[in-house]
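Reminder, nothing fancy here: chain letters follow the sequence lines and each chain counts from 1. Quantities reported herein were computed from a predicted structural model and do not represent experimental measurements.
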2 protein chains.
Amino acid sequence: MSTIRDVAKLAGVGIGTVSRVLSGNGAVSSKTLLKVNQAMGALNFTPSRAARSLVSKKMNTIGIWGTETSGEINRRTLREMEAELKEFEIHLIFADGELNSSKYPNASRQSFDKLINKGCDGIIIWGSDLPALEILQIENEFPNITLLNNKIELIDDKCFYFDHYQAGYVCGQHLIDKGHSNIACITGWLETDDGNQRHQGFLCALNDNNTNIPEELIFEGDYTYRKGYEGALSLLKQDKPFTALFCGNDQSAMSAIAAITNKGLEVPNDISVMGYDDMNIARYTSPPLTTVRIPFNRMAISATRRLLNLCYNLELNIEYDFPIQLIERLSVKKLYVP
Amino acid sequence: MSTIRDVAKLAGVGIGTVSRVLSGNGAVSSKTLLKVNQAMGALNFTPSRAARSLVSKKMNTIGIWGTETSGEINRRTLREMEAELKEFEIHLIFADGELNSSKYPNASRQSFDKLINKGCDGIIIWGSDLPALEILQIENEFPNITLLNNKIELIDDKCFYFDHYQAGYVCGQHLIDKGHSNIACITGWLETDDGNQRHQGFLCALNDNNTNIPEELIFEGDYTYRKGYEGALSLLKQDKPFTALFCGNDQSAMSAIAAITNKGLEVPNDISVMGYDDMNIARYTSPPLTTVRIPFNRMAISATRRLLNLCYNLELNIEYDFPIQLIERLSVKKLYVP
DNA sequence: ATTACTATTGGAACCGGTTCCATTTTATGT
DNA sequence: ACATAAAATGGAACCGGTTCCAATAGTAAT
């Protein structure tokens, strides 16, 4: 609990000098530097975050806002962000994601206001829970934000997103390339932008290959295990047979596989299944899951760094381009086409 | 950005009065109360966390330390803790769990010191990564800690753990009750206390029923999908046939099922598999997973509340007893015993 | 009306840093 | 050696709250 004044007294210098040593800014002679460092060591001195924040008007804390902070992928990502911030002694806090803006129209603004005012220096908005207009308003009065997995043209330099449209296209094309023409799908959550994009990209790939997918074989999911399971059962009940199923994420793909298997059918012999995300478990399912890998960590790191640059006038490196990767395993089978 | 002095000026009162209104402590006449509240509203005043922390010497932040902050179960739990803390406007931060004390002998102490000194008012130590002795030392100079999923006799009132021994016993007994006598297992991570306990409890149940499990049918896992998969393959390669497999957690159970299925065997007809944790996905696997549910959320909430009580002199309700729940699904089959 | 006591109120001092300026010390040039 | 510029240093003032005490207003009792 020693203060800068204790250090100054022990070292026989003024408090300004100690402060200079701490920040490394002003000029300090090597002799005094040594004295001060010794004193700090002897007193086990650590500067008070609170006092620093009070004068610097920086909380050295950034917040994350959004409901997408669940899911295995996202947790892995949070870890990476933590690591990135630790170096700068910045804290990461969550800004409750339960407040869904559609359910509580004003809740999001309120929780933002709280954060913005005194809680943290910047916010990473994860996902597209908030309407673009609202985000733009927020950005206007509070420019220290960064978007992760969301895209708004007007503030493109603060957006770190992935081309889900293209990835969806790759998935569709892959199933076509494997000889499938009767294809079903369980979409992601279509109320989110990325869920929509990957679905559109997927449909476009089919269309470009003169394959069309009947309405009955499109099941609207929401990324959960539950909808994956129910979706597969529902699709199987339709009259239209299909040989391949594209799912909006790995979770629904996994439970869809379970449903198919429980119905006595075999993956991939009867039905090929393709996922999206490449979760850890994807390689340990039965059969191992063909999926597409999103470089989520790199996106998150860049979003974090951009925010650090904004908040603390740093110039950390950032990337905006995130290539996808098709991961072929065994859940998609090549159809023999006569 | 308005301060308490701005509010005082606008309301025509002294700063002390505003402070009294803020804290709700001192006596304030209803007239002034109204004036001050109006002024605060007009200025959109929010008190500065930094200034408050500086004088109160509380950071209004608590930390989580431990490698166990991964895994679906744990993430769900973190959410609950967040919610609990939000009410008190306390922030939750992570104290890097990568620093494994065995890998970096001093790293844990160092990162603790940092946190303790100025970072946060209390710490929840999650899991048993740190040796008990070290925890006791820490507790000695820094009493604001709480243990989650770890037990140390001397500070039992700060420990919130689950009786994994008993749960392991229940699992063993369940397999026995279902008529199995040739049982294999893929353990959890035996270097952790809870992994060990559930294994011992499991063995004890078998032993109490005059069933013994040969060395070759015990595969030492580590909770990962990978070890579950490899473990199942390795066990199948042994010469000893078995009809049931107990896994240290759901993740390894799931990948074990995948391995068994990939080898052309059927769960539960050829081999019954039992998990441990009851992850979300457990009911959507094929077959749905028989497992045991740990009331982790409730444990975490109590650990959090206990810490709040310690740090901020509150008296929130706490519970210490956490019953388990056997969740029977379809991955364990009743054997016909002649 | 006066006294005695209680309820309100204002604001100085403080928490532990940073900033900035006046002052002192040291270095450089002639 | 002396003038002068440059480097190093000390500490007051400040950030925005809380705490505490002296001062003032209000109330009841005599």
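Put simply, B:Ser48 has no side-chain N or O that comes within less than 4.0 Å of OP1 or OP2 on D:dG17. Look at B:Ser29 and you won't find any side-chain N or O under 4.0 angstrom from OP1 or OP2 of C:dT8.
B:Tyr161 is linked by a ring-ring contact (aromatic ring centres under 6.0 Å, His included) to nothing, counting only residues two or more places apart in sequence or in another chain. Applying the ring-ring contact (aromatic ring centres under 6.0 Å, His included) criterion to B:Tyr320, with sequence neighbours excluded, gives B:Phe160.
Distance A:Leu34 CG to D:dA8 P: 15 Å, rounded to the nearest Å. The separation between B:Leu54 atom CG and C:dA13 atom P is 18 Å, rounded to whole Å. One interatomic measurement links the two molecules: CE of B:Met59 to P of C:dC15, which rounds to 18 Å at whole-angstrom precision. Residue A:Lys9 contributes atom NZ, which lies 12 Å from atom P of C:dG16 at whole-angstrom precision.
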Dump every N/O contact between nucleotides 18-28 of chain C and the protein below 3.5 Å, one line per pair.
unit_1: C:dT18; atom_1: OP1; unit_2: A:Arg52; atom_2: NE; d: 3.0
unit_1: C:dT18; atom_1: OP1; unit_2: A:Arg52; atom_2: NH2; d: 3.4
unit_1: C:dT18; atom_1: OP2; unit_2: A:Ser19; atom_2: OG; d: 2.9

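Considering B:Leu136, B:Ile135, B:Asn150 in turn, B:Ile135 is the only one that fulfils the side-chain contact (heavy atoms from CB on, under 4.5 Å) rule with B:Leu130.
Here side-chain hydrogen bond (donor to acceptor under 3.5 Å, both in side chains) pairs that include residues 51-64 of chain A, with residues two or more places apart or in two chains, number zero.
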Would you tabulate the side-chain donor-acceptor contacts of residues 3-11 of chain B under 3.5 Å, counting partners in other chains and residues two or more places apart, or write 'none'?
unit_1: B:Thr3; atom_1: OG1; unit_2: B:Arg5; atom_2: N; d: 3.1
unit_1: B:Thr3; atom_1: OG1; unit_2: B:Asp6; atom_2: N; d: 3.4
unit_1: B:Asp6; atom_1: OD2; unit_2: B:Thr3; atom_2: N; d: 2.8

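For B:Lys57 and B:Thr17, each mapped to the nucleotide of DNA chain C holding its nearest heavy atom, the one lying further toward the 5' end belongs to B:Thr17. Comparing B:Val28 and A:Thr3 against DNA chain C, the residue whose closest nucleotide sits nearer the 5' end is B:Val28.
Overall, the helix from C:dA1-D:dT30 to C:dT30-D:dA1 carries an axis bend of 40° between its ends, with five pairs at each end and the value rounded to 10°.
Without hydrogens or angle criteria, B:Lys151 side chain to B:Asp193 main chain gives no donor-acceptor distance under 3.5 Å. Proximity of a side-chain donor or acceptor of A:Asp121 to a complementary backbone N or O of A:Ile62 within less than 3.5 Å is not detected. B:Arg305 places no side-chain N or O within donor-acceptor distance of the main-chain N or O of B:Glu84, the cut-off being under 3.5 Å.
Within 6.0 Å of atom CG in B:Asn317, 12 or fewer heavy atoms from other residues, nucleotides or ligands are found, so the atom counts as exposed in its surroundings.
Within the 4.0 angstrom heavy-atom criterion, only backbone atoms of the sugar-phosphate kind lie near A:Thr32; the bases stay farther away.
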